[in-house]
Trainee: 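One structure is given below, represented as structure tokens, and several questions about it will come after.
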Amino acid sequence: MATMTHILPMNGGGCSSGNSIGKIFGNPLFHRSVTSGLKPVSVLKAPVKAFRGHVSLERMLSASSHGRQRTQAGHTNRWQLRHPLGSDLLGQAQAERTMRVALNTSLRTIRTADSPQPYPHDEPPLPRLTLLASTSLPRSPRRCVPGHSSKATPEDLFYLLSRSVVHYNQPDVVLECLGSQWELHCPNLTKSGTLSDLYMSTRQQRARSLQDRAGSGKSGKDKLYSRPGSSNSSRDKQNGKKPAGPLVLQLSVKEATVTKEALSFALRTLYNPEACPEHWGEGVLSTAALLGLPHLFQRCLTEMINKISSSTVCIFHRVSCKFKETSLQRACERWLELYLVTELTCFIYLRDLPFELLHKTLSSPRVFAACEYQLLKTVLYWVFLQFNPAAQILPSHRFIMTFFSSWPRAGVFLEQPVGQRFTVLFRALRLHGITQRAHLEEMQQIHVFPQSWLLLIFSKHYYTLHSGGDMQITDFSQQAVRFGMVIEREPQYCTRTIGLYGFYFLLKAASMGELDSHGFSLQRLRHWDPAMSVQACERHPFSMMTERALSYQINVQAHVHGQWQEFNSGPINQEFGLTKRTCKSQVFKVRGLSLPIFVTFALAFPAV
């Protein structure tokens with residue numbers, strides 16, 4: 001069984017008696033005599049037993065005839081065995097908590113080489129730590145509160161990792177940065193370009209100063225950094241040599257995003273390249289750039305790309321623009337094209353989306369939405385959040401619509417100075433693609449659009465409806481009406497019924513018999529088709545034209561070999577009839593797709 005070393009706060013941490021320790025760990029092995037001897041091995045004994053499992057328990061029960069006797073503990077009428085259980089979850093949690101507790105002054109004094117403590121013959125020897133006075137460790141005692149473990153500082157985390165890797169060898173360099181001292185070693189320091197250059201320049205300066213001092217014949221005390229009480233220094237003084245301690249490097253930081261946590265992690269990667277921080281973000285990226293760690297910089301970029309979400313996309317895009325990293329910037333923009341409507345609109349993080357980035361996303365031909373109205377709703381939500389930056393949660397749709405409906409009737413929102421700067425966002429939308437009656441009524445109720453805009457939209461709908469669906473199309477890529485659907489889970493089959501100016505279609509996307517192959521198509525529906533809803537048959541107009549020319553385009557976006565790729569059928573013109581031979585389109589096949597799959601059908605009726 002591997003030996004486990006647990007470091008617990010003792011004196012100075014608020015736990016000065018054996019009764020207190022016993023209450024904290026809930027273990028009968030902590031006796032009152034602990035305070036007199038203050039033996040760290042006895043203190044570490046109880047947490048170690050919490051990890052030993054059920055094997056030692058079976059041996060205890062078999063060796064003792066009273067193994068199954070229980071004693072009542074406390075007024076809560078709880079019963080417990082005399083010996084610690086291997087399944088003691090509370091003891092295991094307390095043991096794990098003690099492993100996270102940082103070193104304190106009292107325990108460092110006990111566990112140093114100057115004052116070793118005896119240990120019983122039945123316990124494995126504990127590692128002897130030689131902690132130096134110059135080490136950046138917490139100088140203020142921490143209070144030991146039951147149920148709350150003190151959090152290790154960034155200096156502690158770096159110290160524990162670096163010392164374990166180099167086996168407690170003497171440091172070669174002391175880096176002074178962010179108000180702390182970080183002890184480094186030359187084999188690890190050379191991995192950083194900035195620290196290597198700083199080390200060479202400082203070493204040359206010290207060599208020149210020593211030469212000048214020797215040439216002038218002046219003998220003085222070496223003002224460079226040296227360890228007080230070091231055995232090497234005392235030996236050098238006896239031999240008549242000048243003490244040469246670690247070289248002191250001073251690194252100034254002007255970037256506010258470089259924190260002690262990020263610096264501690266970056267320095268830990270010099271000793272363990274596989275170390276991971278709590279959060280990948282701007283702080284780690286800035287620190288990697290400051291220290292000249294290209295491997296860590298690229299690793300951070302990769303992790304950030306893989307962790308793009310609603311809560312991080314705006315922050316990561318700002319960081320990518322700051323460092324001019326096109327790969328991260330493109331990944332954020334690609335994520336927004338697919339998840340702006342489906343995810344980001346549902347969270348308060350939509351407020352942090354920059355104006356230019358929102359406009360760029362809306363203008364992209366790859367932006368995904370179930371219908372054109374969803375994009376309008378996203379813009380309205382974003383504008384509302386710009387006028388209400390103190391909102392902590394995203395209000396309901398009715399509340400936001402009420403906000404725009406209660407706008408002063410002296411003028412609509414886009415005609416007033418406060419709303420004119422948002423006009424470019426609404427012009428990027430395809431408002432002519434909003435054809436549902438409820439959505440059109442909502443556009444009239446909110447005081448956002450000028451009357452000229454609404455008149456143009458309604459007149460186009462009226463003309464197209466009474467001309468058999470003829471649309472005045474001059475640019476298919478900008479004027480086609482889009483409908484989208486997502487395949488997210490098994491079975492990989494999805495259908496949707498849509499209606500446009502009296503013509504109804506069934507959009508289909510399904511996996512085919514071949515491996516990783518999917519087919520996408522659409523089919524014209526008749527008014528008695530079972531796929532038609534009762535509401536569509538009773539309330540909506542229905543065209544009885546036997547033939548109708550349709551221009552359509554199928555756009556598929558999915559992950560292929562870990563990268564987002566787009567597959568486009570291009571504009572296709574086809575006559576759709578009501579018979580089985582003429583009502584179906586060609587099947588657009590794509591292979592190698594992985595979930596989720598975003599499918600967009602763009603439709604337009606050319607004028608006959």
Side-chain angles (χ1 to χ4, degrees), residues 134-136 153-166 169-208 224-225 245-307 315-332:
S134 60
T135 306
S136 300
T153 63
E155 294 89 341
D156 295 339
L157 298 176
F158 169 74
Y159 174 84
L160 294 174
L161 176 62
S162 61
R163 287 308 186 198
S164 62
V165 172
V166 299
N169 291 333
Q170 297 293 331
D172 303 315
V173 171
V174 173
L175 176 65
E176 294 182 353
C177 185
L178 296 179
S180 299
Q181 294 179 348
W182 315 83
E183 297 182 352
L184 305 174
H185 302 78
C186 286
N188 308 94
L189 178 140
T190 54
K191 300 177 183 178
S192 171
T194 302
L195 296 182
S196 298
D197 298 339
L198 186 60
Y199 172 77
M200 295 302 298
S201 60
T202 307
R203 185 178 179 182
Q204 293 175 1
Q205 291 178 3
R206 185 171 74 166
R208 285 195 298 266
L224 294 177
Y225 178 91
L247 196 63
V248 178
L249 307 181
Q250 294 182 351
L251 181 63
S252 60
V253 178
K254 298 181 180 180
E255 184 65 38
T257 57
V258 178
T259 60
K260 280 190 178 182
E261 290 76 10
L263 180 62
S264 174
F265 164 70
L267 294 178
R268 292 200 303 271
T269 58
L270 299 178
Y271 296 85
N272 181 15
E274 302 301 327
C276 294
E278 293 184 3
H279 303 286
W280 294 96
E282 183 178 3
V284 177
L285 207 63
S286 302
T287 307
L290 173 67
L291 298 181
L293 299 172
H295 177 73
L296 178 60
F297 192 88
Q298 293 298 327
R299 181 187 174 193
C300 185
L301 283 178
T302 304
E303 292 291 341
M304 293 172 69
I305 292 175
N306 296 332
K307 295 182 182 300
I315 300 175
F316 288 176
H317 187 271
R318 177 179 55 82
V319 173
S320 66
C321 297
K322 175 182 176 180
F323 290 93
K324 298 181 180 180
E325 289 295 330
T326 56
S327 59
L328 180 59
Q329 180 179 356
R330 180 60 191 141
C332 294

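Just so it is clear, the values below take in all heavy atoms, side chains as well, and ignore hydrogens, waters and symmetry mates. Keep in mind the model is a prediction, meaning the values are calculated, not measured.
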Trainee: Shortest non-hydrogen contact from G283 to A262?
Mentor: O-CB, 3.6 Å
Trainee: Using atom types as modelled and distance alone, determine if a side-chain donor or acceptor of R208 lies under 3.5 Å from a backbone N or O of R203.
Mentor: no
Trainee: How many angstroms lie between OH in Y271 and CG in L161, if you round to the nearest 0.5 Å?
Mentor: 9.0 Å
Trainee: F265 versus E278: any side-chain heavy-atom pair under 4.5 Å?
Mentor: no
Trainee: Check the pair S286, K322 against side chain to side chain contact (heavy atoms under 4.5 Å, CB included), reporting the backbone distance first and the verdict last.
Mentor: CA-CA 10 Å; S286 302; K322 175 182 176 180; 4.2 Å; yes
Trainee: What distance separates L249 CG from Y199 OH, expressed to the nearest 0.5 Å?
Mentor: 8.5 Å
Trainee: Looking only at non-hydrogen atoms, find the nearest pair between E325 and L301 and report the distance.
Mentor: OE1-CD1, 3.3 Å
Trainee: When you look at CZ of R330, are more than 12 heavy atoms from neighbouring residues, nucleotides or ligands closer to it than 6.0 Å?
Mentor: yes
Trainee: Which distance, rounded to the nearest 0.5 Å, do you find between the CG of L251 and the CG of L178?
Mentor: 8.0 Å
Trainee: Would you check if the side chain of D197 reaches a backbone N or O of T194 as a donor-acceptor pair within less than 3.5 Å?
Mentor: no
Trainee: Return the CG to NZ distance between L270 and K191, rounded to the nearest 0.5 Å.
Mentor: 6.5 Å
Trainee: For the residue pair V253 and L290, establish whether any side-chain heavy-atom pair is separated by less than 4.5 Å.
Mentor: yes
Trainee: Any chance NZ of K307 has more than 12 other-residue heavy atoms, nucleotides or ligands included, within less than 6.0 Å?
Mentor: no
Trainee: How long is the gap from CG on L195 to CG on L293, to the nearest 0.5 Å?
Mentor: 7.5 Å
Trainee: At what distance, to the nearest 0.5 angstrom, does SG of C300 lie from NE2 of H295?
Mentor: 11.5 Å
Trainee: Please check: side-chain N/O of S264 versus main-chain N/O of E261, any donor-acceptor pairing under 3.5 Å?
Mentor: no
Trainee: Within the 4.5 Å heavy-atom criterion, are I315 and R318 side-chain neighbours or not?
Mentor: yes
Trainee: Is any side-chain heavy atom of E183 less than 4.5 Å from a side-chain heavy atom of S162?
Mentor: no
Trainee: Testing L198, V248, N188, L189 one by one against V173 for a side chain to side chain contact (heavy atoms under 4.5 Å, CB included), which residue passes?
Mentor: L189
Trainee: Is the distance between the ring centroids of W280 and F316 under 6.0 Å?
Mentor: no
Trainee: With side chains defined as the heavy atoms from C-beta onward, is the minimum distance between K260 and S180 less than 4.5 Å?
Mentor: yes
Trainee: Just do the side-chain hydrogen bond (donor to acceptor under 3.5 Å, both in side chains) check on R206 and T202 with the steps written out, would you?
Mentor: CA-CA 6 Å; R206 185 171 74 166; T202 307; over 6 Å; no
Trainee: Where is the tightest heavy-atom contact between V174 and Q181, given as atom of each residue plus distance?
Mentor: CG1-CB, 3.9 Å
Trainee: Without swapping roles, check the side chain of T269 against the backbone of N272 for a donor-acceptor pair under 3.5 Å.
Mentor: no
Trainee: Locate the shortest heavy-atom distance separating P273 from R299; write the atom from each residue and the value.
Mentor: O-NH1, 2.8 Å
Trainee: Quick check: do L291 and L263 have side-chain heavy atoms less than 4.5 Å from each other?
Mentor: yes
Trainee: Please give me the minimum heavy-atom distance between P294 and G292, naming the atom from each residue.
Mentor: CD-O, 3.3 Å
Trainee: Does a side-chain heavy-atom distance below 4.5 Å link V284 with F297?
Mentor: no
Trainee: Does the pair H317 and S320 meet the rule for a side chain to side chain contact (heavy atoms under 4.5 Å, CB included), with working shown?
Mentor: CA-CA 5 Å; H317 187 271; S320 66; 4.3 Å; yes
Trainee: D172 and P187: which non-hydrogen atoms are nearest, and at how many Å?
Mentor: OD2-CD, 4.2 Å
Trainee: Is the shortest heavy-atom distance from the side chain of Y159 to the side chain of W182 under 4.5 Å?
Mentor: no
